[in-house]
Amino acid sequence: MPHASSLDDLLGRLNPEQRRAATHADGPLLIVAGAGTGKTATLVHRVAWLVANGVDPARILLLTFTRRASAEMLRRAENLLRQVQAARLGHIWGGTFHAIATRLLRRWGKAVGLPPDFTIHDRADSEDLLSVVRTELGLAKTDKRFPKKGTCTDIYSRTVNAREKLEHALRQHFPWCLDWADDLRRLFEAYVDRKEAAGILDYDDLLVYWQALLADAKAGPAVRGLFDRVLVDEYQDTNALQSEIIYLLSPAGKGLTVVGDDAQAIYSFRAATVRNIMDFPKHYPDTTVVTLEQNYRSSGPILEATNHVIALARRRYTKNLWSERREGQRPALVTCEDDEEQAEYVIRHILEHHEAGVALRQQAVLFRASHHSMLLEAELAGRKIPFHKYGGLKFIETAHVKDLLAFLRLAENPRDVVAGSRLLLLVPGIGPVKARRLMAVLQEAGGKLDAWAAWTPPAPAAGLWPKFLGLLQGLAASDENVAAQVHRARTFYAPLLEAKYDYAQSRLRDLEQLELIAGRYRSRRRMLTEMALDPPNSSQDLAGPPQLDDDYLVLSTIHSAKGLEWDAVYVIHAADGNIPSDMATKDSDGVEEERRLFYVALTRAKHWLYVCCPLRYYHSYRPGVSDHYGMAQRTRFLPEAVLAHFEHSVAAGDPQAGAPAADEDEPQGLAADIRSPSVRRRMKRYWR
DNA sequence: CTGTTGAAATTTTTT
DNA sequence: ATTTCAACAG
């Protein structure tokens, strides 16, 4: 081990437990890492240590929760290796379960009957295909309403990922759909056939086929043999199917390292189960468990408070997070009158910190549901404070972007019914019935677009049809770069867009952005795969290489904030009904998960933490309630005993505005409009 | 068949 | 506010 001694110096910066984990030999290893305990540093050092000790980087598999986490870890490990002048990391296998599955299946999928050029459907595509199949089966017109496509997809996904029987999944998670069990079964069977016929894999299939590949008598050992070391991050958020994949990759746990924190399990709605991490030592005899408890992230008072929040949870791996830091401000619990006052308060403090030298990107506003930040976004936009929103509606999910990508997708896979129908419906005179027939024709012709040339379009489509067909044939045969293909589709599509949507100008600008970004991809297939697996979060993401000097505030759902940290964190809408979400309070498991979610939010903060609770909140619809305002209660996760660790304050209105209080009998919404007439106008822009 | 209009129902988090 | 479905005119 030529570099062991210099690496030792670097390892010396770790605490004893971290070092034990980083330099563990090759028996199964479970690292239980509390929030802010240097989990990433430990993993990074472990990767570097392995490579410095002669493990071939190309035989290391690093599974992370997001592509971003993977890139960050590889970057830091590479850095360490450079310092000890050891081997380069080179071609380590890093990425999400789904991304790695794609790579493996493109290469070895043939062994389980997959064509190498399969198409990947994202969540929305899966819903659409399921909906197509549903109408074909005639399940749409029944006396009682059939579950919505989104619900159907959730049910399907759960049975696959949790490996549960349909009845069981329905009883546990979708009891109101129990009546439909038989129809759902028929639907799912037809859906599976349909995907197979069209060469389509959805997210769940990527895992299913990976599992099948590993279980295959011939291909299994070959794929397993690719890796000497397997490291899995965020193990508490893996599901049953993923845990099987891990098992098949390393049945005895040799070379296997998993890292996680049961107190931060927040993805059970995606069928993740905390049992994976709890039972790990049972599944892999001789597991070494290392627990990281020294917190390096948060100030003493913040850690004190978050420890009390999570102490009220039921949990099994007990950790006592401690820190050497005592100093710091206590976290604040801020009571606000309403949403607007909350936005005022948050912005005021963001600006104060900013003036004191804390960059905007070192500050984050966190919330439970994507729409909780709507008003804040409008206010930020109005004051020209730059921000970046993670989670929620993605750029890729907007109708016009989906339309444009559908051109490329149909050219890539002419059997893709979802892309095809979407395009056909754009043509005037073509409705669902003709679209379905045309897709059937295409399917029978083995995907040859020429099959459409024989078709006589109805009068309204006569002018457009030849151009439409010509474009698609051109794209299908095209070997131009991807940007040029996007350009051709955009030129054809622009007038249709203008006729179909409001705010055409801003949508057209989005498509220009899309054309720019297309230039980054080597091939059309590459681009479509990336778009499905790792879509850009917002149009800002597409705007080109990030400027080092540009600074923006971070807005994020709590889920998307996982693994990240900021100097100042503002948790908004910390009221019962939002945190915990009303949706999740039907059983105690749901409430416990919401508690962990709240805990994740609080533990993102390094120096300043603000928890805001608006007393009055707006809800869009509630049966039998005409009044659209409700009175909120502080979140149940901050009972009196825990509150002792918070500083209390009341967000008084913005002193600068000096607006008179609203009249008692005047509806609040109207008063708000009068005070700030531009807010509503700005809100409208949000939906573009 | 298509395209439009209206009414009823629904409500989160994401690879 | 959005999605879904039914009714109806062309």
Side-chain angles (χ1 to χ4, degrees), chain A residues 63-70 95-102 120-124 126-128 131 134-135 140-151 153-154 157 161 176 201-207 234 237-239 241-242 265-272 366-372 374 390-394 396-397 399 424-425 427-437 458-461 500 532-535 537 556-562 573 577-585 590 593-594 596-598 600-601 618-623 628 683-684 686-687:
Chain A
L63 289 163
T64 50
F65 203 76
T66 61
R67 179 99 40 130
R68 197 152 120 233
S70 157
T96 62
F97 274 87
H98 297 85
I100 298 292
T102 305
I120 298 171
H121 267 188
D122 68 14
R123 173 60 207 232
S126 309
E127 285 184 12
D128 289 345
S131 173
R134 181 179 59 177
T135 21
K141 49 179 179 75
T142 41
D143 40 343
K144 255 178 49 183
R145 225 183 173 92
F146 200 76
K148 290 172 58 168
K149 62 178 181 182
T151 313
T153 315
D154 285 340
S157 200
N161 283 290
W176 65 93
L201 299 197
D202 60 22
Y203 287 149
D204 305 330
D205 288 330
L206 290 170
L207 302 182
E234 307 281 7
D237 284 321
T238 54
N239 61 41
L241 186 51
Q242 289 168 321
I266 54 173
Y267 275 92
S268 73
F269 71 92
R270 229 169 70 184
L366 306 183
F367 35 86
R368 171 70 239 259
S370 171
H371 65 263
H372 288 163
M374 270 174 56
Y390 294 92
L393 196 79
K394 298 210 167 84
I396 203 80
E397 287 158 5
L424 288 167
L425 289 173
V427 181
I430 298 183
V433 176
K434 287 198 172 73
R436 190 149 68 89
R437 271 216 283 272
K500 193 174 165 193
L533 289 179
D534 190 26
N537 279 296
S556 175
T557 58
I558 302 175
H559 282 91
S560 296
K562 176 170 147 122
H573 288 290
N578 290 331
I579 308 180
S581 162
D582 271 335
M583 256 72 283
T585 49
E593 175 142 321
E594 297 286 309
R596 294 190 296 265
L597 194 58
F598 186 54
V600 167
Y618 183 82
H619 52 80
S620 47
Y621 175 82
R622 192 147 303 183
H628 281 213
M683 297 269 295
K684 281 194 178 152
Y686 180 85
W687 300 107

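Note: hydrogens, waters and symmetry copies are ignored here, and every other heavy atom, side chains too, is used. Quick note on labels: first sequence line is chain A, next is B, and so on, each numbered from 1.
- Considering only side-chain atoms of A:Ala369, the nucleotide from B:dT14, B:dT13, B:dT10 that sits closest is B:dT13.
- Of the candidates B:dT14, B:dT15, B:dT2, B:dT15 carries the atom nearest the A:Tyr203 side chain, counting heavy atoms from C-beta on.
- Between A:Arg368 and A:Glu594, at least one side-chain nitrogen of the basic residue sits less than 4.0 Å from a carboxylate oxygen of the acidic one, meeting the salt-bridge criterion.
- Of the side-chain N and O atoms in A:Thr557, one or more sit less than 4.0 angstrom from OP1 or OP2 of B:dT14.
- Side chain of A:Lys434, nearest nucleotide from B:dT13, B:dT15, B:dC1: B:dC1.
- When each of A:Lys148 and A:Glu593 is assigned the nucleotide of DNA chain B with its nearest heavy atom, A:Lys148 is the one assigned upstream, toward the 5' end.
- Between A:His573 and A:Phe367, the distance separating the two ring centers is not shorter than 6.0 angstrom.
- Annotation: side chain of A:Leu63 is not in contact with side chain of A:Thr96 (no heavy-atom distance under 4.5 Å).
- The stacking criteria are not both satisfied for A:Phe269 over the base of B:dT14, which would need a centre-to-centre distance under 5.5 angstrom and an angle between ring planes under 30 degrees.
- In this structure, A:Leu206 atom CG and B:dT14 atom P are separated by 19 Å, rounded to whole Å.
- Using a 4.0 Å heavy-atom distance criterion, A:Tyr267 is classed as a sugar-phosphate-only contact.
- We find that CZ of A:Phe598 is positioned 17 Å from C1' of B:dT12, with the value rounded to whole Å.
- Taking side-chain N and O atoms only, A:Thr66 has no distance below 4.0 Å to OP1 or OP2 of B:dT15.
- Around CZ of A:Arg436, the count of heavy atoms belonging to other residues, nucleotides or ligands within 6.0 Å does not exceed 12.
- Closest to the side chain of A:Ser581, from the set B:dT12, B:dT2, B:dT15, is B:dT12.
- Rounded to an integer number of Å, the gap from A:Asp202 CG to B:dT14 P is 19 Å.
- What separates NE2 of A:His559 from P of B:dT13 is a distance of 9 Å, to the nearest Å.
- Residue contacts for A:Arg436: at a heavy-atom cut-off of 4.0 Å it reaches no nucleic acid atom on any strand shown.
- Atom CG of A:Asp154 is separated from atom P of B:dT11 by 10 Å (rounded to the nearest Å).
- Between A:Met374 atom CE and C:dA1 atom P there is a gap of 8 Å when expressed in whole angstrom units.
- The side-chain hydrogen bond (donor to acceptor under 3.5 Å, both in side chains) search around A:Glu593 returns A:Ser268, A:Arg596, not counting sequence neighbours.
- For A:His121 (side chain) and A:Tyr203 (main-chain N/O), no donor-acceptor pair under 3.5 Å exists by modelled atom type.
- Not less than 6.0 angstrom separates the ring centroid of A:Phe97 from the ring centroid of A:Phe65.
- Within the structure, every side-chain polar atom (N or O) of A:Arg134 is placed at least 4.0 Å from both OP1 and OP2 of C:dT4.
- No donor-acceptor pair under 3.5 Å is formed between the side chain of A:Asn578 and the backbone N or O of A:Ser581.
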Every protein N/O lying under 3.5 Å from an N/O of nucleotides 3-6 of chain B:
unit_1, atom_1, unit_2, atom_2, d
B:dG3, OP1, A:Gly429, N, 2.6
B:dG3, OP2, A:Ile430, O, 3.3

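- Computed from coordinates, the A:Tyr390 OH to B:dT14 P distance equals 14 Å when rounded to whole Å.
- Atom P of nucleotide B:dT15 and atom CZ of A:Arg68 are separated by 10 Å, given to the nearest angstrom.
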